[in-house]
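No hydrogens, no waters, no symmetry mates; every other heavy atom, side chains included, goes into these values. Each chain gets a letter, A, B and so on, in the order the sequences are listed, and its residues count up from 1.
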Amino acid sequence: MEIVFLAFILILAIFLGFELINKVPATLHTPLMSGSNAISGITLIGALVSAGAEQSQMATILGVAAVTFATINVIGGYLVTDRMLGMFKKKKRELSE
Amino acid sequence: MEIVFLAFILILAIFLGFELINKVPATLHTPLMSGSNAISGITLIGALVSAGAEQSQMATILGVAAVTFATINVIGGYLVTDRMLGMFKKKKRELSE
Amino acid sequence: MNVSIIINIIYILSASLFIYGLKELSSPATARRGNLISSLGMFIAIVVTLFDRGIVEYQWIILGIALGGAIGAAAARIVAMTAMPEMVALFNGFGGLASLLVGWAALFGTGVTNFTITTIFLSILIGGVTFTGSLIAWGKLSGTLNGQPILFTGQQIFNTVLMAAILVCGVLFTLDPSNSYYLYVIIGLSFLFGVMFVIPIGGGDMPVVISLLNSYSGLAACAAGFAINNILLIVAGSLVGASGIILTKIMCKAMNRSLSNVLFSGFGSPTTAKGLIEGTVKPIVAEDAYYILEAASSVLIVPGYGMAVAQAQHVVKELQELLEKNGAEVVYGVHPVAGRMPGHMNVLLAEADVSYDVLLEMDAVNPRMENFDVAIVIGANDVVNPAAREDESSPLYGRPIINTDFARTVFVLKRSMASGFAGVDNPLFFKENARMLFGDAKESISQVVREFAN
Amino acid sequence: MNVSIIINIIYILSASLFIYGLKELSSPATARRGNLISSLGMFIAIVVTLFDRGIVEYQWIILGIALGGAIGAAAARIVAMTAMPEMVALFNGFGGLASLLVGWAALFGTGVTNFTITTIFLSILIGGVTFTGSLIAWGKLSGTLNGQPILFTGQQIFNTVLMAAILVCGVLFTLDPSNSYYLYVIIGLSFLFGVMFVIPIGGGDMPVVISLLNSYSGLAACAAGFAINNILLIVAGSLVGASGIILTKIMCKAMNRSLSNVLFSGFGSPTTAKGLIEGTVKPIVAEDAYYILEAASSVLIVPGYGMAVAQAQHVVKELQELLEKNGAEVVYGVHPVAGRMPGHMNVLLAEADVSYDVLLEMDAVNPRMENFDVAIVIGANDVVNPAAREDESSPLYGRPIINTDFARTVFVLKRSMASGFAGVDNPLFFKENARMLFGDAKESISQVVREFAN
Amino acid sequence: MIMMIGVPKETHGSEKRAALTPSDVKKLVRLGATVQVETGLGEKSGIADEGYSEAGASIVTDRSTVLGTSDVVLRVRKPAVDEIPKLKKESVHISFLDPFKETGLIEEFQKHQITAISMEMIPRTTLAQKMDALSSQANLAGYVMVIIACQKLPSILPMMMTPAGTLKPATVFVIGAGVAGLQAIATAKRLGAKVIAFDTRPVVAEQVRSLGAKFLDIDLGEIEQTKDGYAVELKPEQIELQKEGQKKQIAASDVVITTAQVFGRKPPVIVTRDMIKEMKKGSVIVDMAAESGGNVEGSAAGETIVIDGVTIVGDGNWTNFVARDASVMYSSNLYNLIDEFWDEENKSLKLDFENEILKGCVITHGGEIVSEMVKSLGR
Amino acid sequence: MIMMIGVPKETHGSEKRAALTPSDVKKLVRLGATVQVETGLGEKSGIADEGYSEAGASIVTDRSTVLGTSDVVLRVRKPAVDEIPKLKKESVHISFLDPFKETGLIEEFQKHQITAISMEMIPRTTLAQKMDALSSQANLAGYVMVIIACQKLPSILPMMMTPAGTLKPATVFVIGAGVAGLQAIATAKRLGAKVIAFDTRPVVAEQVRSLGAKFLDIDLGEIEQTKDGYAVELKPEQIELQKEGQKKQIAASDVVITTAQVFGRKPPVIVTRDMIKEMKKGSVIVDMAAESGGNVEGSAAGETIVIDGVTIVGDGNWTNFVARDASVMYSSNLYNLIDEFWDEENKSLKLDFENEILKGCVITHGGEIVSEMVKSLGR
Ligand SMILES: NC(=O)c1ccc[n+]([C@@H]2O[C@H](COP(=O)([O-])OP(=O)(O)OC[C@H]3O[C@@H](n4cnc5c(N)ncnc54)[C@H](OP(=O)(O)O)[C@@H]3O)[C@@H](O)[C@H]2O)c1
Ligand SMILES: NC(=O)c1ccc[n+]([C@@H]2O[C@H](COP(=O)([O-])OP(=O)(O)OC[C@H]3O[C@@H](n4cnc5c(N)ncnc54)[C@H](OP(=O)(O)O)[C@@H]3O)[C@@H](O)[C@H]2O)c1
Ligand SMILES: NC(=O)c1ccc[n+]([C@@H]2O[C@H](COP(=O)([O-])OP(=O)(O)OC[C@H]3O[C@@H](n4cnc5c(N)ncnc54)[C@H](O)[C@@H]3O)[C@@H](O)[C@H]2O)c1
Ligand SMILES: NC(=O)c1ccc[n+]([C@@H]2O[C@H](COP(=O)([O-])OP(=O)(O)OC[C@H]3O[C@@H](n4cnc5c(N)ncnc54)[C@H](O)[C@@H]3O)[C@@H](O)[C@H]2O)c1
């Protein structure tokens, strides 16, 4: 039964993903890409479970490596996105002053 | 655990519902309302289960009544929507000829 | 894999069809197909449900479906085109009622937990409100009931008390679900609440109310889904619930109102202007004007002093080009006294490089007026005032005008309901086929032009 | 309620934050907040996961997080603004690698069914492709690798064989998950496939590729979610997967290319025009032109013969008004020989009712050229040809021109790369600060005007 | 009895217009009237006798026949006093009459029991607009004045940025933005001039702007306009305020066109000699109403003169420069008037003296002065 | 040695232009030249002597001083032959010269060792555009011809829909859409006329349309243009084709403006008597080149005549109607020419005879004819 639920969730999420991005100005292409890339670092959650579950040494090693890489992705992704958007904001503010 | 899945599904469906209807021309307001009203007749599914489950006489009676009303909603809803949209289409076709 | 999983996989398919159908329904080009797709989703959902292990008795079901199907189909076929909105209201009410019944029936099911009881309560409550609310809306729209908003002192207090009562009953019911007394009270109160909800709203606002109730019936289905633990009900119900609310907001915006203003102001009663002029002023927004223009194959533009004031000639030319590109014939009907000096319109239209070939005199456009799909009156007033033809007491009586009121549809672009040079009211604005596009003419036309671009 | 349910409820919240964040990220006004919201979602998801019953060993986790966090933060801080895209590529690659590792680690988990193995295979495959693909993209963008597309005969066949091999290994692996040999082969092949996927694509198209790989890394996360049975991974992963594909399509559209054209044509290599003229022609679409204009506070419009041919004067005036409404100063720089007769531009601009006050002579605009945020060259060519200043061999040498190439940004609106009256090439089009907005001038400006409207 | 409509040739030397055009002859014939025109009627506006005869009019060589046998006589200008006796008794005479000044003429009409209709007295109501010859002619005059100014000005109106330098646009200042003034504004604007206008009636500002021109704001205190849309006379101190406000604008203008009039009064003097002195050499002033006094100090009726290097055009009779179109419009005004009061059944003109329009424009009837305005003036 | 630039008054009776304006005097002085002008130079174009003296020129009453003491003499029109001997030897003389016809004049220049520069021979290259007086004057002529046509036409150009009926827009047909023709098109278009144009050079069609006017398509077979952008002469059968194609358009036009020219040749006759006969009475034809033969059969040089009821304007010297602006442009052309060849160091004119521009426009130098074109004609 669980698989049904998961499938339902998958389908809904995919539809939602399609709908969310409707019309993006080109200036936002890169930040949006970077921001959603950061979200894809959600695999970190999985990595945490793997790393912490003490299943086997191999799993832990893999898990810790995964945690490291995923964290780079998450932290780096969010910060870079923020920097990009910060520039954008400033330019706009300059104008309004 | 099931409830978690259901809640996830609910949230996603609600977000999706919000996203789906972005910009609707006024000419489509009524058909869209009518069409989504027909979808809300999905309660028919529930009614079918209630009516057919032979839980108790009361449930069956209620279920059958529900089936009847829900069917009116579903059948009537889709047909009316189709009629409305048919009119619309014809007007457009006239033009292109 | 067991049957339940197969059923659920079909449900996923069905939900996808609903989603896709809804998406297509919201664009004119694909709407009809969208409806078809969504009905296909419904069909497979129904068929597959019938295979449910739990369903053992088919005869009653068949009866219910046959009866409901016949009524629904007949109603949908017979109903006059103009009565469709009230028919939708009625259907919606039945949907609400069905949710109420499903919720109720779920009480008799197995594994009734606290959580299920809560959702049963919700499905009964929302279903009941939807039911009576829709009935009232139907009555107001069809004229069975008076369209005027019904307001009385203490209404607010009464409604608050009512809500509190429902809540209390709900809690009691959850604590003791076997006591059907609470159940009946809840059903009764939710019916009453549905009535109270709709009566203070004027007949003119009923479409918005129906849309909102439609959203509610989705929520009711969703609640019923929780009650009987059915994912498809949850998904479809919440889809309708959410999209219905958005649609309601869009409809309010199109009327330039807020939702709360619609629900609580007692506005929206059909109005009649005083004096000889009868009818309702029907405002329109640029977007809708665009949809009508887009479908028009012959368009008459009647410019007046307002076009000059707005300096709208350039955008008017742009609109002309877009309409022509869209396959429509566009001509200008220039009244000899339009503007404030002889040839005023000519000066401006020449500036915008409008070809002389499409500038027609009043006498050239009037005979073919019935054949224009749309006449766009741009900042003209006196020169299209039908009082000159109809109303002997009018100071304009006897002056020839451009009979835009004979065109299939007339758009009047001006900033307000103010009168023109002659200072007399214009019955054109109240005609059945007239739509007012309020705002500075240049702004308004620019907006329409933009719609063409999208 | 047990911990797992609480965790999952938090996950729901976190997913909602991701959804909302993504939505806000796609509009300029809210993008930054969107990113913040999404990071908040990530934060609570991480925190709550740490409470997972299954997690018993924290020291390694802390180490991993600390290390990764430090690297990520440092990289994000240090990277030069211009190097951001390649940084994103790198991050993305790490994300893919992480998914690969998570999938791999899941092999050692409990309850490994056929289904789980399939998803593990998928997460390893997609993760691997994403990893090496992103690395190559990073190399091409940063210049570490040559940006030229690498094409060799038999490439198609090689890739087909590669894919088949992966598939076969996948099946074998699923049948015998304990045999780690297949696993290593799959990892190796997926790495190879990632490389093969990106090398035939030119450096100029890398942003599209990164966006696509980003979508893949979402899918990888999704697959990993199935593998370890984590809803949040599934939801967030599929969100990113789907929205990434849409974004990729949008980016292709903005470049006027199809996705398959980008991926398989070997196009997009940086080009250099022959002869003396150096640099790349950088086309721009109306939408982007709008974003730059929207931020400009002083704009120079330089009209030429092409404006006359396109009869674009009226829309130019409209653009002027919109820019002014937006707070920018707009002036026209009219070159004495622009057009085909003396005063040609004056005739047209007067027709469009452009105030004389904003019509400036060449000598009035040239000294302040550096201060214009944007110079919009509308169908002018010879009169803005810097060869007249720079290139002694040019037949135009010595003729005074409007030095639009000194403005911060120049938009050149014309239909092609064709030359003007004098028949000589124009180095302006290749300058660093020049952007070509190709198309009929009237069309192009109308599009920009529409962007202002939205 | 069929109605005879007669049109004699214009006698005033400089008058080129014809009171009736062939296309309107055709329309009158269609109404059921008989039309006779004097030979050579349309010559000066480029219409041959054949045009008229083809349209259904009879061409008459003898002028007195036209005058003496017609039930309705149409012309442009007021008749010579000595021609009144030649008219058929109780006939209708329609033309410009200048009734406030021409008391002798009015008396003569009275004496011979002629129903005299004055075209300048057509009221400015919505319904009478189509018969309003003052407007139709003023409109053309507005165009003509600009063309004449262009021709006299030693520079061009539009701006031109050329390899041989930039020519600035000429500045045209229009004083009085009634019918003629507005058309002058439109025409100058079309030619690319910088146009500024002034009028005492505040409603005009919006109209000026609706033509894309600028309005000069001068605060004169309270200003009214009559119900017919005419301006009221300014108080002396207001005139001073106006002059002060315009001084700078006049000095900065290449062309000044004055059309300021107050119905039934001598036009105010707005441009004085010292203002002219301040203008650039070669500038042009067109004084629309020079013939009836004018807005410009020193302007000569019917002449173009140069004062302090400034050309002052006071030619008057502006529409004669575009005689063909002017005839078309005037003739159409007359036809609309006749058509309005035509009795379909009897195929004749039936004047209903209770009608608002006729109350205004009929001056004499049955030996009496019937116009209230002219009467009140007579007292 | 400081360079003396002198400007004598124009002697031709109808010439109102001045070869130099005060603002260009100022610029020349800034270059380092001395400028002397004959008294009354700018009178007819509205420039007082004070203007010049304020700008830094000395006002000279004696004409022979101006001629005899100047190193460079500037004027508009070609000089009288008897004034050449009065010029300083080896001085430079810049003006229109009509060098193909004025062989006597050229000889006289040769004899007195004058460097004669002909303004009509400035090549039509990109770089010389700022000195191109033919273009700058033709441009103004285009405007003037339309204004004159407006003034002669008994109707108005724009369309007007009024209570007194609708006036159709006048149709203006422009034959030859070079510099003058294009400006005529633009001006007529501005005034609201329906404008149609024709030219033999196919590239012109787009230019005409870029002004919002229509182009009359007549298929004449192959057509070329010279590298300077001038038209080549048509073959006789092509001229016939053209006439045939234009006939109907001419008959339907209220105004016809002809500017068709072929550089160095007599203009082709395009509008014949029978075409004129087909036109409406009162229509106007403006023949730009009437003075050098003209495009219209029967047009009179320097005069306005009426043939078959059609007014044919052959006045010529068009820019004199806008003498001030014409002077500004011509003067600016001259200044640009001097500036181009000014030697900053020696503060004097330094003519480099290898320069493409000078190769074209210098006719005589050091007693020789140096212009290849004039030379080839002499043989
Ligand atoms: N042609 C002539 O020679 C002449 C001369 C004098 C008088 N008249 C008289 O003027 C009248 C002309 O008739 P008409 O229909 O052209 O004009 P009108 O009757 O005066 O009506 C003009 C309308 O334009 C609207 N308007 C003004 N500014 C606007 C803007 N910026 N955007 C949109 N609408 C705007 C006004 O309504 P809102 O305020 O609601 O926007 C007004 O009702 C006739 O009565 C005629 O007799 C004509
Ligand atoms: N002013 C005068 O009196 C005069 C007289 C004769 C010659 N000239 C010469 O003409 C030239 C004028 O310079 P200029 O810069 O104005 O013009 P230009 O150099 O001729 O360039 C015009 C440009 O406009 C573009 N264009 C044409 N139609 C267009 C359309 N519909 N939409 C967008 N672009 C369009 C063309 O490029 P695409 O084909 O790629 O679109 C062309 O490169 C000078 O060389 C001057 O010497 C001037
Ligand atoms: N109701 C109608 O249908 C109708 C018909 C025709 C005209 N009109 C209106 O009547 C108005 C007057 O028409 P007209 O042109 O025949 O008027 P006019 O010839 O009497 O006067 C010309 C203008 O001069 C102005 N003026 C007077 N004194 C002035 C001063 N001291 N300084 C500056 N300007 C001064 C007047 O205000 C008027 O605008 C117009 O606005 C016109 O729109 C209305
Ligand atoms: N390169 C430059 O910078 C430059 C400078 C000035 C002018 N020009 C170009 O040179 C061209 C000619 O200039 P112009 O006006 O001095 O020429 P022009 O006065 O010699 O001739 C006027 C026009 O008459 C046309 N014509 C000749 N025979 C004709 C016939 N039989 N029927 C109809 N038309 C006929 C010609 O094609 C020309 O367009 C123009 O197009 C102009 O753009 C170029």
Side-chain angles (χ1 to χ4, degrees), chain A residues 6 9-10 13-14 17-18 20-21 24-37 39-43 45-56 58-60 62-82 84-85 89 91-92 95, chain D residues 18 22-23 25-26 31-32 35 38-39 45 49 54-57 60-61 64-65 67-69 71-73 75-76 84 87-88 91-92 94-95 97-99 101-102 104-105 108-109 211 214 217-218 221 224 228 230 233-236 238-240 242-243 246-247 250-251 254 288 291 295 297:
Chain A
L6 292 178
I9 288 171
L10 176 68
I14 288 177
F18 279 124
L20 277 176
I21 312 298
V24 190
T27 29
L28 279 186
H29 287 174
T30 312
L32 179 57
M33 187 168 85
S34 170
S36 70
N37 174 41
I39 295 180
S40 78
I42 190 68
T43 200
I45 302 293
L48 288 177
V49 175
S50 301
E54 268 207 342
Q55 293 156 324
S56 74
M58 186 63 181
T60 308
L62 291 175
V64 172
V67 166
T68 312
F69 286 119
T71 310
I72 295 180
N73 187 3
V74 168
I75 302 283
Y78 280 117
L79 288 181
V80 158
T81 311
D82 195 60
M84 286 193 231
L85 291 171
K89 263 274 164 56
K91 208 164 147 203
K92 300 276 282 190
L95 179 74
Chain D
F18 286 152
L22 260 185
K23 187 175 167 55
L25 253 175
S26 65
R32 201 170 187 184
N35 191 47
S38 138
S39 67
T49 304
I55 300 186
V56 282
E57 282 236 273
W60 290 110
I61 292 180
I65 290 187
L67 191 64
I71 297 177
M84 295 241 169
M87 192 44 76
V88 174
F91 289 156
N92 191 47
F94 292 158
L97 186 56
S99 291
L101 295 172
V102 170
W104 190 350
F108 306 93
S211 173
N214 173 35
S217 76
I228 63 167
N230 182 310
L233 250 68
I234 297 176
V235 170
S238 47
L239 272 180
V240 171
S243 65
I246 296 289
L247 179 59
I250 292 177
M251 286 169 77
D288 295 331
Y291 277 100
S297 58

Side chain, backbone, both or neither: which part of [X] has a heavy atom under 4.5 Å from chain A?
X: D/Ala73; result: both
X: D/Asn92; result: both
X: D/Ile65; result: both
X: D/Leu239; result: both

| task | Enter the distance from A/Leu10:CG to D/Ser238:OG here, rounded to the nearest 0.5 Å. | result |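 Output value for this atom pair is 5.0 Å.
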| request: Look up atom CD1 in A/Ile9 and atom CD1 in A/Ile14, then write down how far apart they are to the nearest 0.5 Å. | output: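 So the CD1 of A/Ile9 and the CD1 of A/Ile14 are separated by 12.0 Å.
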| said: Quick check for you: among D/Val235, D/Asn214, D/Val240, which has the greatest number of heavy-atom pairs under 4.5 Å with chain A? | reply: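 It is D/Asn214.
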| So, does D/Asn35 use its side chain to make a donor-acceptor pair with the main chain of A/Tyr78 at under 3.5 Å? | yes
| Between A/Ser34 and A/Thr30, is there a donor-acceptor pair closer than 3.5 Å when you use the side chain of the first and the backbone of the second? | no
| said: To check you understand the geometry: which heavy-atom pair defines the closest contact between D/Ile246 and A/Ile21, and what is its length? | reply: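 Heavy-atom minimum between the residues: CG2-O, 3.1 Å.
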| Where D/Ala221 and A/Thr43 come nearest, the two heavy atoms and their spacing |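 Reported closest heavy-atom pair: CB-CB, 4.2 Å.
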| Given the options A/Asn73, A/Leu62, A/Leu32, which has more heavy-atom pairs under 4.5 Å with chain D than any of the others? |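 Winner by heavy-atom pair count: A/Leu62.
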| said: With chain D as the partner, which of A/Ala70, A/Gly35, A/Ser36 has the greatest number of non-hydrogen pairs under 4.5 Å? | reply: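 Max contact count across the listed options: A/Ser36.
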